Every structure is written in structure tokens, then in C-alpha cells.
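Counting convention: from 1, in listed order, for ligands and their atoms alike. Predicted, not measured: the structure shown is a model, and the values here were computed from it.
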Amino acid sequence: MTGAAAVDFVLLEKQLLALIGFEPDPLANTANFVGLLHDAIPEINWLGVYVLRGDELVLGPFQGKPACVRLPLGKGVCGTAASRLRTLRVADVHEFPGHIACDPASRSEIVVPLVLGQELAGVLDIDSPVPDRFTESDQRGIEMLCRTFAAELSKKTRRPRATRFI
Ligand code: SME
């Protein structure tokens, strides 16, 4: 673990609700979710959302270097977190079997499934150039933000699945 400054996740949640609370468009809201978190979480080199499309995760809004576009479910950190429907916090990506390296600078990673209602919609993926960057407390805070984000999107997403962005 590093000496990265602690993030105020409670404040971030308020800012998130202010940013997306009155906007119905899921793409705009996902872009602002990503922008807000990327700006607030120190010592990261990539943060973005992959959206579930069939049996693949497809690249959505992100901040960082251009990344792999399609990730199979069950493979890599993102696909494994998505298929298990649980967060994966990886201290050293080089030790994770099947890790998919999009940016060689990445050394640690956290992936949180985004669940709308009962349905997996995608994942939030955050990479850091610092080994063991993410603490348990970061995990709890990021999971809380993902639940809030997913709940807000669920309230506004009443269209058929095929026409949704996320
Ligand atoms: N490392 C991820 C791939 C996505 S990039 O990090 C942006 C994985 O193993 O699934």
C-alpha cells in the first residue's frame, strides 16, 4: 500500500448526485461519473467503464491512454470480476493469471461490477502505476459510489435493454 492521500468518498457521493441527479442521459452520466472519480482519486493512470454487450465487456467512457476495446467475460481482471459479480482488488497485476495489459504502466488494479437492478451492466476499472495502491477503505468507498451510480441510472433507465447505453 502507498501513502496516497485518503479520498473523501462521502463528499464524492454528494458531488456525484449533484452531477447526475437531474440528467436522464446514461452516456452523459457515465462520462461525468468517470471524470469525477478520475479527478478525485490520486495515483492512478487509467479509470473507465466497460459495458456488458452479450458475452463481452466493451470499452465505454474513460480517462487515460487508449485501451483494449473488447474483454471476454471470465478473462482478465475485468472479465473475472464481471462473471463473479464481485469486486477484485489486485495488488500486483503481474501476479494475476490472465491479466490483460492495456497500459504497461499499470501495476495494481481494482474492478467493481456495476449492477442495475439485478442485472450486470458493466464494470468500473481503475489502474494505478503504484503496486498495491488500493486499500480496503478505498474498495468500500469505490463500491459505495458504484452502488449509488447504478441506483441513479436504474431510476432513469426504463427503456428496453437493447437501446440503453449502459
Ligand atoms: N487490465 C484489465 C484490462 C482493462 S485495462 O486495464 C484498461 C483486465 O485485466 O481485465
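Lys155 has a carboxylate O that lies under 4.0 Å from a charged side-chain N of Glu152, or vice versa, which qualifies the two as a salt bridge. Look at Asp138 and Arg89 and you find no salt bridge, because none of the NZ, NE, NH1 or NH2 atoms lies under 4.0 Å from a carboxylate O.
In Tyr50, the part holding a heavy atom less than 4.0 Å from any atom of ligand 1 is the side chain. Contacts of Phe96 with ligand 1, taken as heavy-atom pairs under 4.0 Å, are absent altogether. With a 4.0 Å cut-off on non-hydrogen atoms, Cys102 touches ligand 1 through its side chain and not its backbone.
Shown in contact with His99 at under 4.0 Å from a heavy atom are these atoms of ligand 1, numbered in order with element: 1 (N), 9 (O). Every atom of ligand 1 with a heavy atom of Trp46 under 4.0 Å away is listed here by number and element: 7 (C). Annotation for ligand 1: atoms under 4.0 Å from non-hydrogen atoms of Gly76 are 9 (O), 10 (O).
Here the shortest heavy-atom distance to atom 4 (C) of ligand 1, taken over Asp125, Asn45, Val123, Asp127, belongs to Asp125.
In terms of modelled atom types and a separation under 3.5 Å, the side chain of Ser83 and the main chain of Thr80 share a donor-acceptor contact.
You'll find the side chain of Phe9 reaches within 4.5 Å of the side chain of Ile142, heavy atoms only. Taking 4.5 Å as the limit, some side-chain heavy atom of Leu71 sits within range of a side-chain heavy atom of Ile100. Side-chain contact between Leu47 and Asp125 is absent, with no heavy atoms from C-beta onward closer than 4.5 Å.
Closest protein heavy atom to atom 3 (C) of ligand 1: Ile100 O, 3.4 Å. When hydrogens are left out, the protein atom nearest atom 10 (O) of ligand 1 is Cys78 N, 2.9 Å; that is the closest non-hydrogen contact. Nearest protein heavy-atom neighbour of atom 2 (C) of ligand 1: Glu109 OE2, 3.2 Å. Looking only at heavy atoms of the protein, atom 8 (C) of ligand 1 is closest to Val77 N, 3.3 Å.
With hydrogens and angles left out, the side-chain atoms of Glu143 and Thr87 include a donor and acceptor closer than 3.5 Å. Asn45 and Asp103 share a donor-acceptor pair across their side chains, judged by distance under 3.5 Å alone.
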